[in-house]
> 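I have a structure here, written as structure tokens, and I will follow up with some questions on it.
Convention: sequence-line order gives letters A, B, ...; per-chain numbering from 1. These values consider heavy atoms only, across backbone and side chains, with no hydrogens, waters or symmetry-generated copies.
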2 protein chains.
Amino acid sequence: MKKKILIHDIAKHLDVSIATVSLVLNGKAKEKRISDTLAERVLKYVEEVGYKPNQLAKSLRTGKTHVIGLMVEDIANPFFATVAALIEKKALARGYRIIYCSTNNDTAKALDLLTMFQERHVDGYILALPNGVEDEVSALVRRGKALVLFDRLLPGVLTNAVVVDSASGMYEATQHLLGQGFRRIALVMAHSEQTQMAARQQGYAQALREHQLPELVHEIALPQEHEQIVHELQLFFQVQPACDAVLFATNYLGVYGLEALTRLGKRIPEQVAVVSFDDNDLFRLYSPPITVVAQPIEAMAEDIINTLLSALESRAETGRIVQLQLAPQLVVRSSSIRSRGQSSNEG
Amino acid sequence: MKKKILIHDIAKHLDVSIATVSLVLNGKAKEKRISDTLAERVLKYVEEVGYKPNQLAKSLRTGKTHVIGLMVEDIANPFFATVAALIEKKALARGYRIIYCSTNNDTAKALDLLTMFQERHVDGYILALPNGVEDEVSALVRRGKALVLFDRLLPGVLTNAVVVDSASGMYEATQHLLGQGFRRIALVMAHSEQTQMAARQQGYAQALREHQLPELVHEIALPQEHEQIVHELQLFFQVQPACDAVLFATNYLGVYGLEALTRLGKRIPEQVAVVSFDDNDLFRLYSPPITVVAQPIEAMAEDIINTLLSALESRAETGRIVQLQLAPQLVVRSSSIRSRGQSSNEG
DNA sequence: CAAATATGCTAAAATGTTTAAGCAAAATTT
DNA sequence: AAATTTTGCTTAAACATTTTAGCATATTTG
């Protein structure tokens, strides 16, 4: 087992000071007037023996870890998993590592994790949070930490954010159903104060209001057992037989909803038309394919990491706040809704 | 902005030495004969001002970070995402943090990430690796690092591992199809030397051999564009019209496969029966529901973290190697296979 | 009562870097 | 030739802890 090689060993072998080696390695050779010949000798030897500085020591001294903390609702949720995968990839390419955690929408857990991120001295924060952590996040903002919220905002916290325009996405989806002739349109959403949830309901409500139709909202309390939720939805669809279409506010609600409808033997869209927020494999390949409000995941990831990195790099101009609102896209899939006999698979 | 409080500040305020505070905080008060009264005073004041030791300094000094590096193939793959979420949860409960990364089955990226893990001084490694990193992993094992492989082994590397018995899972699945009367059974797998892939093919091959039936294997080269893969599968199913059933070796291949079959308008199971390794929402809710070889994800996560933590804690007995092989479960879903009269939504 | 032991704490080294400040020699200016 | 500037490097402090070795004082033992 070869001993770990230190900067000290490099210096000794080359018969120079530790400082010299460090300066060369950090690209400050010119600035600090280390001669080119020596700088090259150092680099060559470092390469030769494969010396890698101890990151812990480095971080302790500089206060930078090159680690970004990413907090999502649930890493097993395809939306968050995909965003996380993309962010990780883009961050890695820019020299940053990601450490990610799921809050499961639990305020206490989110607080714990925020503390953990601070203990780990993450350089920046990317956060999709439950409500109830406003104070802690405000404190981070006040301390000038690089931070960007995504998916949802935090009421009363003014900081960088990248979100999707949920309201107009849901408005469009509702309009689409109305355009297809549906009149009793239900909305299934998570019981939550989160901003994106509220916006989705708002978009739905507005479209119905414009047609002077009543709202039919069902809120699911979370977290709950899978089986429990499906059961609750089955009951809802039985008690609410009048509804001829349903909107699901998130992809997991859509999945549960399809399961409930399948169990009840309801035919889609003849008995109930279905539209969900968020796309996924199931909706795309289900028969009939499910129309969705798709989020621009790739663009979100790009915007998130860009916003964070520019916040990180421009330590000086602390005032700057970037708030981006991206447009979701209605992906209409069941072309044969309300029309019979069409058996074509559209592209 | 309040200044960060240090152990030094605590010591000064209580008029004791830094060493005393540190010893008390690390539970060595008794051992080092710090009086109970003083120990309590320290703890009380620490609590009062909310002092938290700097983890970087601590790690630098002790060599422990309480961080575990988890490497998966793709965090956006539901199997890995779920395993990751469970491991994270269990690790957190035992005082460890997880930092995870996706290799995308890219050897170079995996090597990079292994280096990154070492630079970050992770205490332990949980790894689902592509081939080609045997030497580096062997080096880690030799250096006595706490490590556990999962999902797949690494040829020639003898160390802790938690895997599923892919061969018998696939054998059972193939037997199931044979029992249903299918005779031209194809296997779609990823082109890869990975042990779990080989085992899956082997299970399939054995079942066919026992019935003296020919193998019909199609290997997909990865990584490749989504669209490209689906297209390739469409071609396969057109060129291979003789096959009456198909096994997919992973969940993402199953998803692509369903997409290809849907586009070709093939009816399942009348024209082609489908079984996939790995479960997911799509297979469960597809109509008809898809039979799968489900992996015991919860048990895997539990075994993985237990194996790792005991490796971490028993630094002494370095010889001990734990290799677990878990049984997958065939979940038969399409009860009506080979029976007619499914009046489905042909619209 | 001297010697040995126990008690309760502290000084300082160690962890592995970065970087501000500074110093001698060489080069340039006056 | 003295003064000044530039060059090329080094010294040592700082980052925030843990932990070994040890030092007084108090207590017990012989």
Side-chain angles (χ1 to χ4, degrees), chain A residues 2-43 45-46 49-67 118-123 315, chain B residues 2-43 45-46 49-67 118-123 315:
Chain A
K2 65 184 171 196
K3 194 79 198 74
K4 187 81 190 152
I5 181 163
L6 307 178
I7 196 171
H8 173 256
D9 304 322
I10 305 285
K12 191 159 230 167
H13 180 268
L14 294 176
D15 200 32
V16 296
S17 77
I18 287 179
T20 304
V21 178
S22 176
L23 291 171
V24 170
L25 253 35
N26 288 291
K28 306 205 174 154
K30 282 271 160 353
E31 179 188 337
K32 295 290 180 172
R33 296 184 309 242
I34 309 293
S35 66
D36 289 359
T37 27
L38 179 48
E40 268 169 39
R41 269 213 304 147
V42 170
L43 289 174
Y45 185 67
V46 162
V49 297
Y51 164 71
K52 292 265 166 55
N54 180 321
Q55 294 299 322
L56 287 173
K58 204 164 171 158
S59 295
L60 177 58
R61 179 57 229 243
T62 62
K64 308 245 136 283
T65 54
H66 277 91
V67 171
Q118 286 172 265
E119 281 179 16
R120 298 276 157 212
H121 297 257
V122 300
D123 287 351
R315 265 268 151 286
Chain B
K2 66 183 170 198
K3 195 77 198 77
K4 188 80 190 151
I5 182 164
L6 306 178
I7 196 171
H8 173 257
D9 304 322
I10 305 285
K12 191 159 231 169
H13 180 268
L14 294 176
D15 201 31
V16 296
S17 76
I18 287 180
T20 304
V21 178
S22 176
L23 291 171
V24 170
L25 253 35
N26 290 291
K28 306 205 175 153
K30 282 271 160 353
E31 180 187 337
K32 294 290 178 171
R33 297 185 308 242
I34 309 293
S35 67
D36 288 0
T37 28
L38 179 48
E40 268 168 41
R41 270 213 302 147
V42 170
L43 289 174
Y45 185 66
V46 162
V49 298
Y51 164 70
K52 293 264 166 57
N54 180 322
Q55 295 298 322
L56 286 174
K58 204 165 172 157
S59 295
L60 177 58
R61 180 57 229 242
T62 61
K64 308 245 137 284
T65 54
H66 277 90
V67 171
Q118 286 172 263
E119 283 179 13
R120 298 275 158 214
H121 297 258
V122 301
D123 287 351
R315 263 269 151 287

> What's the CG-C1' distance between Asp36(B) and dT7(C), to the nearest Å?
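To the nearest whole Å, that distance equals 13 Å.
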> Using a cut-off of 4.0 Å on non-hydrogen atoms, how would the nucleic acid contact of Lys28(A) be classed: base, sugar-phosphate, or nothing?
sugar-phosphate
> Write out all pairs satisfying salt bridge (charged side-chain N to carboxylate O under 4.0 Å, His left out) with one or both partners inside residues 31-40 of chain B, taking only residues at least two apart or from two chains.
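Checked against salt bridge (charged side-chain N to carboxylate O under 4.0 Å, His left out) - neighbours excluded - the pairs reaching residues 31-40 of chain B are Lys30(B)-Asp36(B).
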> With a 3.5 Å distance limit and no angle check, can you tell me whether Ser59(A) reaches the backbone of Gln55(A) through a side-chain donor-acceptor pair?
yes
> So how far off straight is the helix from dC1(C)-dG30(D) to dT30(C)-dA1(D), going by the axes through five pairs at either end, to 10°?
60°
> If you measure from CD1 on Ile7(A) to NZ on Lys58(A), what distance do you get to the nearest 0.5 Å?
8.5 Å
> Check every atom of dT18(D), dA16(D), dT17(C) against the side chain of Ala57(A) and return the nucleotide holding the closest atom.
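For the Ala57(A) side chain, the nearest candidate turns out to be dT17(C).
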> Just checking Ile18(A): base, sugar-phosphate only, or nothing, at a heavy-atom cut-off of under 4.0 Å?
base
> Can you tell me if Tyr51(A) touches the phosphate of dG16(C), counting only side-chain N or O atoms and a distance under 4.0 Å to OP1 or OP2?
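Negative; the distance criterion is not met.
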> Check the distance between dA21(D)'s C1' and Lys32(B)'s NZ and give it to me in whole angstrom.
9 Å
> Counting the atoms with a prime plus P, OP1 and OP2 as sugar-phosphate, which does Thr20(B) contact under 4.0 Å by heavy atoms, base, sugar-phosphate, or nothing?
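Thr20(B): base contact, heavy atoms under 4.0 Å.
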> Between Arg33(A) and Ser17(A), which is nearer to the 5' end of DNA chain D once each is assigned its nearest nucleotide?
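Whichever sits nearer the 5' end wins; that is Arg33(A).
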> Side-chain N or O of Ser35(A) less than 4.0 angstrom from OP1 or OP2 on dC9(D)?
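The answer is yes; a side-chain N or O of Ser35(A) sits under 4.0 Å from OP1 or OP2.
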> Quick check: does any side chain N or O of Asp123(A) sit under 3.5 Å from a backbone N or O of Lys64(A), one acting as donor and the other as acceptor?
no
> Send over the distance from Leu56(B) CG to dT18(D) P, rounded to a whole Å.
13 Å
> Can you find a side chain N or O atom of Asn54(B) that sits less than 4.0 Å from OP1 or OP2 on dT17(D)?
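Looking at the OP1 and OP2 atoms of dT17(D), neither is under 4.0 Å from any side-chain N or O of Asn54(B).
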> Find the distance Ile34(B):CD1 to dA11(C):P and express it as a whole number of Å.
13 Å
> Show, in sequence, the C-alpha distance, side-chain angles and deciding distance for Leu56(B) and Thr65(A), and conclude whether the side chain to side chain contact (heavy atoms under 4.5 Å, CB included) test is met.
CA-CA 9 Å; Leu56(B) 286 174; Thr65(A) 54; 4.3 Å; yes
> When the distance from NZ of Lys58(B) to P of dC15(D) is rounded to whole Å, what number comes out?
20 Å
> So which heavy atom on His121(B) is nearest to which on Asn54(A), and how close?
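Answer, listing the atom of His121(B) first, then Asn54(A): NE2-OD1, 3.5 Å.
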> Classify the side chain of Arg61(B) and the base of dT17(D) as holding, or not holding, a donor-acceptor pair under 3.5 Å.
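No, no donor-acceptor pair under 3.5 Å.
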> Report the C-alpha distance between Val21(B) and Tyr45(B) in whole Å, list the side-chain angles of each, state the deciding distance to 0.1 Å, and finish with yes or no for side chain to side chain contact (heavy atoms under 4.5 Å, CB included).
CA-CA 10 Å; Val21(B) 178; Tyr45(B) 185 66; over 6 Å; no
> Donor-acceptor pair, distance only, cut-off 3.5 Å: does the side chain of Asn26(B) make one with the backbone of Ser22(B)?
yes
> For Lys64(A) and dT17(C), what is the distance between atoms NZ and C1' respectively, to the nearest whole Å?
16 Å
> In whole angstroms, how far is the C1' atom of dG16(C) from the CD atom of Glu119(B)?
14 Å
> Leu25(B) has an atom CG; how far is it from atom P of dT18(D), in whole Å?
7 Å
> Answer with base, sugar-phosphate or nothing: what part of the nucleic acid does Ser22(A) contact at a heavy-atom distance below 4.0 Å?
base
